[in-house]
A.B. asks: 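I'd like to ask you about the structure that follows.
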Amino acid sequence: MLLKDKIALITAGASGMGRAGAEAFAREGAHVIVVDFNGAAAKETVAGIEAAGGSAVAEVADVRDLRALKALADRVTAEHGRLHVLYNNVGIPGAAGLDLTEEEWDLGLEVNGRASFFLSGYLMDALKAADGASVIFTSSTSGLVGSPFSPMYSFTKGGVIALVRSMALAHAADKIRVNAIAPGSVETPGLPGFFRVDDPEEIERRKAAFFATIPLGRASQPEEIAQVALFLASDMASYVTGVTIPVDGGITAK
């Protein structure tokens with residue numbers, strides 16, 4: 001029970017890596033606040049956690065709406081008084097190339113960067129009150145090595161890495177550790193969006209071609225990312241802060 005009696009909040013917690021993280025945290029004793037735009041999926045995730053004997057609650061929020069995020073943070077602070085784990089997992093592939101519309105630019109920046117930045121600030125008092133907290137961000141290998149197909153995605157995910165270093169320094173004295181996970185390819189419902197085509201057969205061909213470039217020869221499963229998040233959330237990582245951990249099957253080792 002690595003997170004016994006801890007309060008944890010996960011954004012984009014209703015599917016993929018977020019759901020796997022929520023389930024892992026709950027199995028280890030945390031009360032998990034599952035935040036997602038899809039309310040039905042968030043409730044489904046919570047129902048699964050409760051059926052397995054865990055504790056969780058669903059919160060519906062559009063992360064582009066800062067007022068909604070502030071209201072969420074206020075509710076969490078008022079109800080629990082403290083927050084031990086904040087897992088800023090939300091993110092989208094975003095538009096490809098450099099010929100973006102203003103709306104595409106805003107969407108990528110707001111979801112991949114602004115939302116987690118502001119939510120962390122809104123919850124800072126609750127994190128400080130935990131007397132030992134962990135903030136985890138989802139970055140990407142594209143933030144470490146760059147993506148030739150989606151500069152916007154690399155831009156936002158690279159910014160997350162810089163933010164993690166800054167926050168780790170700023171809040172070390174508050175007993176708040178701040179780290180990031182940089183996944184490579186993960187078998188989630190959102191993975192096809194990275195291949196920029198609609199044809200299922202073409203998506204499978206592109207997936208196979210890309211997976212062949214991964215030293216371990218496959219994509220990761222959401223649970224494999226969740227285990228690293230669990231490590232960072234727990235006291236096993238009590239002396240780890242300001243780092244980004246690639247979980248990529250060896251892509252960034254090349």
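In this chain, residues are counted from 1 in sequence order.
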A.B. asks: Examine distances only and state if a side-chain atom of D62 and a backbone atom of R64 form a donor-acceptor pair shorter than 3.5 Å.
C.D. replies: yes

A.B. asks: Distance-only, no hydrogens or angles: does the N112 side chain make a donor-acceptor pair with backbone N or O of T156 under 3.5 Å?
C.D. replies: no

A.B. asks: Side-chain contact, heavy-atom cut-off 4.5 Å: L119 with V63?
C.D. replies: no

A.B. asks: State yes or no: do V164 and L109 share one hydrophobic cluster built from I, L, V, M, F, W and Y residues joined by side-chain heavy-atom distances below 4.5 Å, directly or via other members?
C.D. replies: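 No, V164 does not connect to L109 through the hydrophobic network.
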
A.B. asks: Using the rule given for side chain to side chain donor-acceptor pair (under 3.5 Å), can you reason through D248 versus T141, listing the C-alpha separation, both sets of side-chain angles and the distance that settles it, and then say yes or no?
C.D. replies: CA-CA 7 Å; D248 62 359; T141 53; 5.6 Å; no

A.B. asks: Tell me whether the count of non-hydrogen atoms from other residues, nucleotides or ligands lying under 6.0 Å of CZ in R165 goes above 12.
C.D. replies: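 Not buried by this count: 12 neighbours or fewer within 6.0 Å.
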
A.B. asks: Within the side chain of S139, is there an N or O that forms a donor-acceptor pair under 3.5 Å with the backbone of A180?
C.D. replies: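 Answer holds: no.
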
A.B. asks: Determine, using the 4.5 Å side-chain heavy-atom cutoff (strictly less than), whether I181 and L144 are members of one ILVMFWY cluster.
C.D. replies: no

A.B. asks: May I have the step-by-step check of side chain to side chain contact (heavy atoms under 4.5 Å, CB included) for F117 and F137, ending in yes or no?
C.D. replies: CA-CA 10 Å; F117 180 96; F137 287 81; over 6 Å; no

A.B. asks: Salt bridge or not for R19 and E223, using N-O below 4.0 Å?
C.D. replies: no

A.B. asks: Write down the atom of A115, the atom of L69, and the distance for their closest heavy-atom approach.
C.D. replies: O-CD1, 3.7 Å

A.B. asks: Is any side-chain heavy atom of V90 closer than 4.5 Å to a side-chain heavy atom of V111?
C.D. replies: yes

A.B. asks: Give me the atom names and distance for the closest heavy-atom approach of P222 to G16.
C.D. replies: CB-O, 3.7 Å

A.B. asks: Show your reasoning for whether side chain to side chain contact (heavy atoms under 4.5 Å, CB included) applies to L127 and D174.
C.D. replies: CA-CA 9 Å; L127 291 164; D174 298 317; over 6 Å; no

A.B. asks: Going through the distances and angles, do K43 and E50 end up as a salt bridge (charged side-chain N to carboxylate O under 4.0 Å, His left out)?
C.D. replies: CA-CA 10 Å; K43 291 177 181 177; E50 292 177 337; over 6 Å; no

A.B. asks: I need the full list of ring pair (Phe, Tyr, Trp, His ring centres under 6.0 Å) pairs touching residues 230-254, with sequence neighbours left out, sorted by first then second residue.
C.D. replies: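 Passing the test, one end in residues 230-254: no pairs.
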
A.B. asks: Is there a donor-acceptor pair closer than 3.5 Å between any side-chain N or O of S238 and the backbone N or O of D235?
C.D. replies: yes

A.B. asks: Has S220 got a side-chain atom pairing as donor or acceptor with S185's backbone, closer than 3.5 angstrom?
C.D. replies: yes

A.B. asks: When you check the side-chain N and O atoms of T11 and N88, is any donor under 3.5 Å from an acceptor?
C.D. replies: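 The criterion, which ignores hydrogens and geometry beyond distance, is not satisfied for N88 and T11.
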
A.B. asks: Say you draw a straight line from CG of L230 to CD1 of I225; how long is it, rounded to the nearest 0.5 Å?
C.D. replies: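 If we round to the nearest 0.5 Å, L230:CG and I225:CD1 are 13.0 Å apart.
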
A.B. asks: Are more than 12 heavy atoms from other residues, nucleotides or ligands located less than 6.0 Å from atom NZ of K254?
C.D. replies: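 Correct, the count exceeds 12.
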
A.B. asks: Do Y122 and L66 have side chains that approach each other closer than 4.5 Å (heavy atoms only, starting at C-beta)?
C.D. replies: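 SC-SC contact between Y122 and L66 confirmed.
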
A.B. asks: Please assess S134 against Y87 for the test side chain to side chain contact (heavy atoms under 4.5 Å, CB included), listing each intermediate value before the final yes or no.
C.D. replies: CA-CA 8 Å; S134 173; Y87 188 178; over 6 Å; no

A.B. asks: Looking only at heavy atoms, which two atoms of F25 and I136 are closest? And how far apart?
C.D. replies: CZ-CD1, 4.5 Å

A.B. asks: Within a strict 4.5 Å, meaning less than it, do heavy atoms of the N89 and M17 side chains meet?
C.D. replies: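 Yes, at least one pair of side-chain atoms sits under 4.5 Å.
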
A.B. asks: Can you give me the closest heavy-atom contact between S142 and S154, atom names plus distance?
C.D. replies: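 Minimum heavy-atom contact is O-OG, 2.9 Å.
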
A.B. asks: Backbone N or O of G113 within a donor-acceptor pair of the K157 side chain at under 3.5 Å?
C.D. replies: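 The answer is no, because no donor-acceptor pair under 3.5 Å joins these two groups.
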
A.B. asks: Anything under 3.5 Å between a donor and an acceptor, one on a side chain of residues 27-38, the other on a protein residue two or more places apart or in another chain? List them.
C.D. replies:
residue : atom : partner : partner atom : Å
E28     : OE1  : M1      : N            : 3.3
E28     : OE1  : L2      : N            : 2.8
H31     : ND1  : S55     : OG           : 2.6
D36     : OD1  : N38     : N            : 2.9
D36     : OD2  : G13     : N            : 3.4
D36     : OD2  : A14     : N            : 3.2
N38     : OD1  : A40     : N            : 3.2
N38     : OD1  : A41     : N            : 3.0

A.B. asks: Would you find a donor on one side and an acceptor on the other, under 3.5 Å apart, between the side chain of R82 and the backbone of H80?
C.D. replies: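 Side chain of R82 to backbone of H80: a pair is present.
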
A.B. asks: If you group Ile, Leu, Val, Met, Phe, Trp and Tyr by side-chain heavy-atom gaps below 4.5 Å, do V243 and M236 land in one group?
C.D. replies: yes

A.B. asks: Run the numbers on F211 and R218 for side chain to side chain contact (heavy atoms under 4.5 Å, CB included), then give the verdict.
C.D. replies: CA-CA 5 Å; F211 295 168; R218 64 174 178 85; 5.6 Å; no

A.B. asks: Considering residues at least two apart in sequence or located in another chain, which fulfil the side chain to side chain donor-acceptor pair (under 3.5 Å) criterion with D131?
C.D. replies: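 D131 satisfies side chain to side chain donor-acceptor pair (under 3.5 Å) with K175 only.
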
A.B. asks: Mind checking the CG-CG spacing from L232 to N179? Nearest 0.5 Å is all I need.
C.D. replies: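 These two atoms lie 5.0 Å from each other.
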
A.B. asks: Taking the side chain as C-beta and beyond, is there a heavy-atom pair between I251 and P246 under 4.5 Å?
C.D. replies: no

A.B. asks: Whether the side chain of S150 engages the backbone of A95 through a donor-acceptor N/O pair (distance < 3.5 Å, no angle test) should be reported.
C.D. replies: yes

A.B. asks: Tell me whether H84 contacts the main-chain N or O of I7 through its side chain, where contact means a donor paired with an acceptor under 3.5 Å.
C.D. replies: yes

A.B. asks: Give a yes or no on whether I161 and M167 share a hydrophobic cluster (residues Ile, Leu, Val, Met, Phe, Trp, Tyr; joining criterion: side-chain heavy atoms under 4.5 Å apart).
C.D. replies: no

A.B. asks: Nearest 0.5 Å please: distance from the CZ atom of R75 over to the CD atom of E59.
C.D. replies: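 Reported value, rounded in 0.5 Å steps: 4.0 Å.
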
A.B. asks: Of all heavy-atom pairs between V46 and A56, which one has the smallest distance, and what is that distance?
C.D. replies: CG1-O, 3.5 Å

A.B. asks: For the hydrophobic clusters of this structure (ILVMFWY residues joined by side-chain heavy atoms under 4.5 Å, transitively), does one cluster hold both M124 and L83?
C.D. replies: yes

